[in-house]
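Here's the structure, in structure tokens; my notes come after.
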Amino acid sequence: MAFINENYLKLRGSYLFSEIAKRVNNFKNENPNAKIIRLGIGDVTRPLVPAVIEAMHKAVDEMAKEDTFRGYGPEQGYSFLIRKIIENDYAPRGIEIGEDEIFVSDGAKSDTGNIQEIFGLDNIIAVTDPVYPVYVDSNVMAGRTGEYSEHGYFEKITYLPCSAENNFIPELPKEKVDIIYLCFPNNPTGMTLSKEELKKWVDYAKKNRAVILFDSAYEAFIREKDVPHSIYEIEGADEVAIEFRSFSKTAGFTGTRCAYTVVPKKVVAYTKNGEAHQLNSLWNRRQTTKFNGVPYIIQQAAAAVYSPEGQKQIKETIDYYMDNAKIIKQGLEDVGLTVFGGVNAPYIWLKTPKGVSSWEFFDMMLKEINVVGTPGSGFGPNGEGYFRLTAFGSRENTIEAVERFKNLKL
Ligand SMILES: *Cc1c(COP(=O)(O)O)cnc(C)c1O
């Protein structure tokens, strides 16, 4: 008889997006002529830039010829890409990263989900609330948590509340934690940490021999000066932090799939006997065993993001989204709503009017103005009373949605 991993039974269903789809479909059936605008999805809509497409075509042609064909590449990624990552994303900020400290992968979702495998099951993890669900669910699957409670939390996870009361800046936990997931600029709140605030976490990790798992998938959207693009801008972070980056939002690779994870050799965790081990070699072992690398064609496409044309072109796309963010933020403020995010991230996190729940606001938006967003409560109990809109729509739809905000009966 085969037995299942019963930890999977602790998971909550993918309630959020299926419930959204259900409500939208019901509304459509009743109102077949309504023109629905979707500002809920966390997916990009602009096509890949010409520099990337050109590099991909070239790489495809190489695969067609015997002398330039490629089979398995290095599991960690080709050095032509790794060198470009170091030269462009780290060296200009004065951050020294070795080639063997970067692991190219098919996504930050896989990496942030898989990284927990190299840690023992007794670690206490800390996550922000609201949170990107991958961090929590991957630990539930592994058996690192207890049961789900009706209050919306898993036992044995330390939740760090983020709301308007603390300006969405998590406070250091009172109890000791071992692994801390941080995502800044944040999905879903669109808010950031300053260097000073991030330093508190690095200091905490050093003091408690904890490890920070830093997701900077939205780094390219940062506009303000004091906001760190990499956790390694903080002194000593290379001893305690792993950083996740992705080409998904930066360069429209959500369907193309390329990301990378930085695991500095100085970062260690311990055996029960107190013996330190490099996480770099554990992650390398994990990846070389379970992963066979990102396609050559895709890595060439990612490398083209760093060419001068590539940089100019992706910047135009990011500017396009960030102009959308500005339009949405302004539009919501104009109708009297309180709005967060949208300055250094493509997410706008609005406070629902007094007493209106996230799902009630979802229904209001859908019925009164036919705009779809994401209820904040879907990202955690502290997201209740908030609502997420994304800047990834077309300009035309964004402007139209903002026009419609004026018809909301608030
Ligand atoms: C979109 C997103 C990613 C990127 O995931 P990929 O698998 O690289 O597409 C990572 N983290 C967060 C928080 C995200 O929202």
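Since this is a predicted model, take the numbers as computed values, not measurements. Each ligand, and each atom within it, is numbered from 1 in the order the structure gives.
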Quick one: are the ring centres of F340 and F168 less than 6.0 Å apart? yes

Near-ring test F214/Y232, centroid separation under 6.0 angstrom: no

Among all protein heavy atoms in this structure, tell me which lies nearest to [atom], with the distance rounded to 0.1 Å.
| atom | value |
| --- | --- |
| atom 9 (O) of ligand 1 | S248 OG, 2.5 Å |
| atom 4 (C) of ligand 1 | K249 NZ, 3.6 Å |
| atom 15 (O) of ligand 1 | Y218 OH, 2.6 Å |
| atom 7 (O) of ligand 1 | R257 NH2, 2.7 Å |
| atom 11 (N) of ligand 1 | D215 OD2, 2.7 Å |
| atom 5 (O) of ligand 1 | K109 N, 3.6 Å |

Judging by distance only, is a nitrogen or oxygen of [X] under 3.5 angstrom from one on ligand 1?
| X | result |
| --- | --- |
| A108 | yes |
| N187 | yes |
| S246 | yes |

Taking [Y]'s backbone N and O only, do any of them form a donor-acceptor pair with [X]'s side chain (distance below 3.5 Å, no angle check)?
| X | Y | value |
| --- | --- | --- |
| R257 | D106 | yes |
| D178 | N123 | no |
| T261 | F244 | no |

Test of understanding: given a 4.0 Å heavy-atom threshold, classify the contact between A217 and ligand 1 as side chain, backbone, both, or neither. side chain

Any donor-acceptor pair under 3.5 Å linking the side-chain atoms of E243 with those of Y90? yes

Taking only heavy atoms of C183 into account, list the atoms of ligand 1 that are under 4.0 Å away from them. 13 (C)

So if I count the atoms of ligand 1 from 1 in the order they appear, which ones are less than 4.0 Å from some heavy atom of G107? 7 (O), 8 (O)

Would you mind checking if D215 and R245 are paired as a salt bridge, meaning a charged N to carboxylate O distance below 4.0 Å? no

Cationic N near anionic O, under 4.0 Å, E62 to K65: no

